[in-house]
Amino acid sequence: MTFRSSIDDAKWELEASKFSCRLSQMIPSFGSAVFEHEAGETVRFILKPTENIHFTEGAKLVAEASPWQPGIAPRFIGSLKPEEQTGFIKVEPAQAQNMLAALYKGMMPTFTSKEWYGTNESLRVSVSAVNFQSAYSDYVGCTAGLLPVNYRQVARTAILFPSAQWRLSDASRERLDLIALYVKNDDSIKGIFVDGHSDSMGRRLMNRDMSKRRAEEVTAYLISLGLDPTSITTRYHGERYPVVENNSKKNRDRNRRVTIRLERD
């Protein structure tokens, strides 16, 4: 059994935003083929059958010549296993990039299995290269406009501080720059919580004051980047909430921190 779009029916659709680029093709009577490139990540590919019984034994992925490319030998890309619940086949970024390169050359990434529906028939599912180059040009334009980070990468952040210090390092400022850039572009972010912490060295009141200075330093920098002060809640806790026990230098280094938490609607 072979599933693929005909030359007349093969279409690529692009969904583009600052947060992700999604390039997809419907495969008649089978499902869909999707390249997804999320902000801050690398491209991945997902083959989505409408039923989860097609690749029960796994699949082999090769790049095959299209009908108009006689004599070109197929190229092996990888062996894959489907997800148990959905039957989807997720392709790792390096293999997904090989698929994009093959499609650009006019070849068809093809998934094969020795058994189809538990019968003796083999299964072949091909992603058509028809009209791919023009769609790929738009896809590249989309990826060029992606934000450098996504929500998962900035929703929970810890800024670390040296002992008895509250000034921001250049690396900390760069991280806060990314957080502010993301917040400015995501209207669903409604709250930013900034919490200062210290280790347990020294007097408790001094530690509380140090955690306050650290939190206020982070908040002031975020405001200087243009974030709305009314959206930021600043708190400080001293040594009360360590992430690890304060029983070694390495652990104390982790506890001297300011955490930044983003909240959506």
Participant: For a 4.5 angstrom cut-off between non-hydrogen side-chain atoms, does P148 reach L181?
Facilitator: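 A side-chain contact exists here, since the closest heavy-atom pair is under 4.5 Å.
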Participant: Can you establish whether the number of heavy atoms outside Q69 located under 6.0 Å from its atom CD is more than 12?
Facilitator: yes
Participant: Does atom CZ of R156 have more than 12 heavy-atom neighbours from other groups under 6.0 Å away?
Facilitator: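 Atom CZ in R156 is packed in, count exceeds 12.
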Participant: Looking at R208, I'd like to know if its CZ atom is crowded, meaning that more than 12 non-hydrogen atoms belonging to other residues, nucleotides or ligands lie closer than 6.0 Å.
Facilitator: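 Atom CZ in R208 is not crowded, with 12 or fewer foreign heavy atoms closer than 6.0 Å.
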Participant: Is atom CZ of R204 surrounded by more than 12 heavy atoms (other residues, nucleotides or ligands) closer than 6.0 Å?
Facilitator: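 Atom CZ in R204 is not packed in, count stays at 12 or less.
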Participant: In the structure I gave you, are the side-chain heavy atoms of D195 and F193 within less than 4.5 Å of one another anywhere?
Facilitator: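 D195 vs F193: side chains touch.
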Participant: Return each pair, listed once, that meets ring pair (Phe, Tyr, Trp, His ring centres under 6.0 Å) where at least one residue sits in residues 150-177; pairs must be two or more places apart or across chains.
Facilitator: none
Participant: At what distance, to the nearest 0.5 angstrom, does OG of S24 lie from CZ of R22?
Facilitator: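 It is 5.0 Å, given to the nearest 0.5 Å.
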Participant: Report yes if some heavy atom in the side chain of N255 is under 4.5 Å from a heavy atom in the side chain of V243; otherwise report no.
Facilitator: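 Yes. Closest side-chain heavy atoms under 4.5 Å.
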Participant: Just so I know, are the side chains of L176 and I260 near enough to count as touching, which here means a heavy-atom distance under 4.5 Å?
Facilitator: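 In short, these two side chains touch, coming nearer than 4.5 Å.
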Participant: Answer whether the closest heavy-atom distance between the side chains of V62 and R75 falls below 4.5 Å.
Facilitator: no
Participant: Membership question, hydrophobic clusters at under 4.5 Å side-chain separation (ILVMFWY): are I89 and I46 in the same one?
Facilitator: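 Different clusters: I46 never reaches I89 through Ile, Leu, Val, Met, Phe, Trp or Tyr contacts under 4.5 Å.
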Participant: Please determine, by modelled atom types, if S169 and S172 share a side-chain donor-acceptor pair under 3.5 angstrom.
Facilitator: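 Indeed, the side chains of S169 and S172 share at least one donor-acceptor pair under 3.5 Å.
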Participant: Looking just at side-chain N and O atoms, do E239 and N246 make a donor-acceptor pair shorter than 3.5 Å?
Facilitator: no
Participant: Could you tell me if N131 and S134 have a donor-acceptor pair between their side chains, going purely by distance under 3.5 Å?
Facilitator: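 On atom types as modelled, these side chains do not qualify, holding no pair under 3.5 Å.
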Participant: Roughly how far apart are D199 CG and M201 CE, rounded to 0.5 Å?
Facilitator: 7.0 Å
Participant: What residue among T233, L227, D228 forms side chain to side chain contact (heavy atoms under 4.5 Å, CB included) with I192?
Facilitator: L227
Participant: Should L146 and V183 be regarded as members of a common hydrophobic cluster, given that ILVMFWY residues are connected when their side-chain heavy atoms come within less than 4.5 Å of each other, either directly or indirectly?
Facilitator: no
Participant: Taking the basic N atoms (NZ, or NE/NH1/NH2) and the acidic carboxylate oxygens, is any pair closer than 4.0 Å for E217 and R213?
Facilitator: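 No, no charged N to carboxylate O under 4.0 Å.
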Participant: Between Y136 and V91, is there a shared hydrophobic cluster once you connect ILVMFWY residues whose side-chain heavy atoms come closer than 4.5 Å?
Facilitator: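 Yes, one cluster joins them.
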Participant: With E38, which of R44, R152, K18 fulfils salt bridge (charged side-chain N to carboxylate O under 4.0 Å, His left out)?
Facilitator: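 Result: among R44, R152, K18, R152 is the only option passing the salt bridge (charged side-chain N to carboxylate O under 4.0 Å, His left out) with E38.
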Participant: Take atom CG in D170; do more than 12 heavy atoms of anything else shown fall under 6.0 Å from it?
Facilitator: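 No, because the 6.0 Å sphere around CG of D170 holds 12 heavy atoms or fewer from other groups.
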Participant: Nearest 0.5 Å, please: how far is NZ in K60 from CZ in F111?
Facilitator: 13.0 Å
Participant: When you look at F45 and L47, which way does the side chain to side chain contact (heavy atoms under 4.5 Å, CB included) test go after all the steps?
Facilitator: CA-CA 7 Å; F45 174 87; L47 184 68; 3.8 Å; yes
Participant: Starting from F19, can I reach L178 by hopping between I/L/V/M/F/W/Y residues whose side chains sit under 4.5 Å apart?
Facilitator: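 Result: yes, single cluster for both.
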Participant: As a quick check of understanding, evaluate side chain to side chain contact (heavy atoms under 4.5 Å, CB included) for K190 and S231, giving each step before the final call.
Facilitator: CA-CA 7 Å; K190 298 305 179 183; S231 69; over 6 Å; no
Participant: Members other than W68 in its cluster, when Ile, Leu, Val, Met, Phe, Trp, Tyr link by side-chain heavy atoms under 4.5 Å?
Facilitator: I7, V130
Participant: To the nearest 0.5 angstrom, please state how far the CG atom of D186 sits from the CD1 atom of I189.
Facilitator: 4.5 Å
Participant: Any disulfide bond (SG atoms under 2.5 Å apart) involving residues 19-53? Give me the pairs, sequence neighbours left out, ordered by first then second residue.
Facilitator: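 Passing the test, one end in residues 19-53: C21-C142.
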Participant: Mind telling me whether H37 and Y139 have parallel, tilted or perpendicular rings, with 30° and 60° as the class edges?
Facilitator: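 Correct class here is tilted.
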Participant: Contact between S122 and K114 at the side-chain level, heavy atoms closer than 4.5 Å - yes or no?
Facilitator: no
Participant: Measuring from atom OG1 of T259 to atom CZ of R214, what distance do you get when rounded to the nearest 0.5 angstrom?
Facilitator: 12.5 Å
Participant: Is N247 atom CG crowded by more than 12 heavy atoms from other residues, nucleotides or ligands, each under 6.0 Å away?
Facilitator: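 Check passes, neighbour count above 12.
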Participant: Output yes when E263 and R261 qualify as a salt bridge under the 4.0 Å nitrogen-oxygen rule, no when they do not.
Facilitator: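 Yes, this pair counts.
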Participant: Under the criterion side chain to side chain contact (heavy atoms under 4.5 Å, CB included), I'd like the reasoning laid out for F88 against F55: C-alpha separation, chi angles, the key distance, then a yes or no.
Facilitator: CA-CA 9 Å; F88 293 177; F55 293 103; over 6 Å; no
Participant: Any side-chain donor paired with an acceptor under 3.5 Å for E245 and N251?
Facilitator: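 Not at all, the side chains of E245 and N251 share no donor-acceptor pair under 3.5 Å.
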Participant: Quick check for you: to the nearest 0.5 Å, what is the distance between S198 atom OG and R252 atom CZ?
Facilitator: 12.0 Å
Participant: So which atom in S66 and which in A129 form the shortest heavy-atom distance, rounded to 0.1 Å?
Facilitator: OG-CB, 4.2 Å
Participant: Check the pair L160, D253 against side chain to side chain contact (heavy atoms under 4.5 Å, CB included), reporting the backbone distance first and the verdict last.
Facilitator: CA-CA 7 Å; L160 302 182; D253 289 345; 5.9 Å; no
Participant: Name every donor-acceptor pair, under 3.5 Å, that has one atom in a side chain of residues 92-110 and the other anywhere in the protein, sequence neighbours excluded.
Facilitator:
from	atom 1	to	atom 2	distance (Å)
T110	OG1	E64	OE1	3.4
T110	OG1	M108	O	3.1
T110	OG1	S126	OG	2.9

Participant: Under 4.5 Å between any side-chain heavy atoms of H197 and R256, yes or no?
Facilitator: no
Participant: Would you mind writing out the side-chain donor-acceptor pairs for residues 25-35 within the sub-3.5 Å range, not counting sequence neighbours?
Facilitator:
from	atom 1	to	atom 2	distance (Å)
Q25	OE1	S128	N	3.0
Q25	NE2	S128	O	3.0

Participant: What side-chain donor-acceptor pairs closer than 3.5 Å can you find for residues 218-226, not counting sequence neighbours?
Facilitator:
from	atom 1	to	atom 2	distance (Å)
T219	OG1	A215	O	3.2
T219	OG1	T234	OG1	2.7
Y221	OH	D177	OD1	2.8
S224	OG	Y221	O	2.5

Participant: Passes side-chain hydrogen bond (donor to acceptor under 3.5 Å, both in side chains), T112 versus R124? Steps please.
Facilitator: CA-CA 5 Å; T112 62; R124 299 169 61 80; 5.8 Å; no
Participant: In this structure, would L61 and I72 fall into the same cluster of hydrophobic residues linked by side-chain contacts under 4.5 Å?
Facilitator: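 In one cluster with L61: I72, no.
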Participant: Is the shortest heavy-atom distance from the side chain of N150 to the side chain of E41 under 4.5 Å?
Facilitator: yes
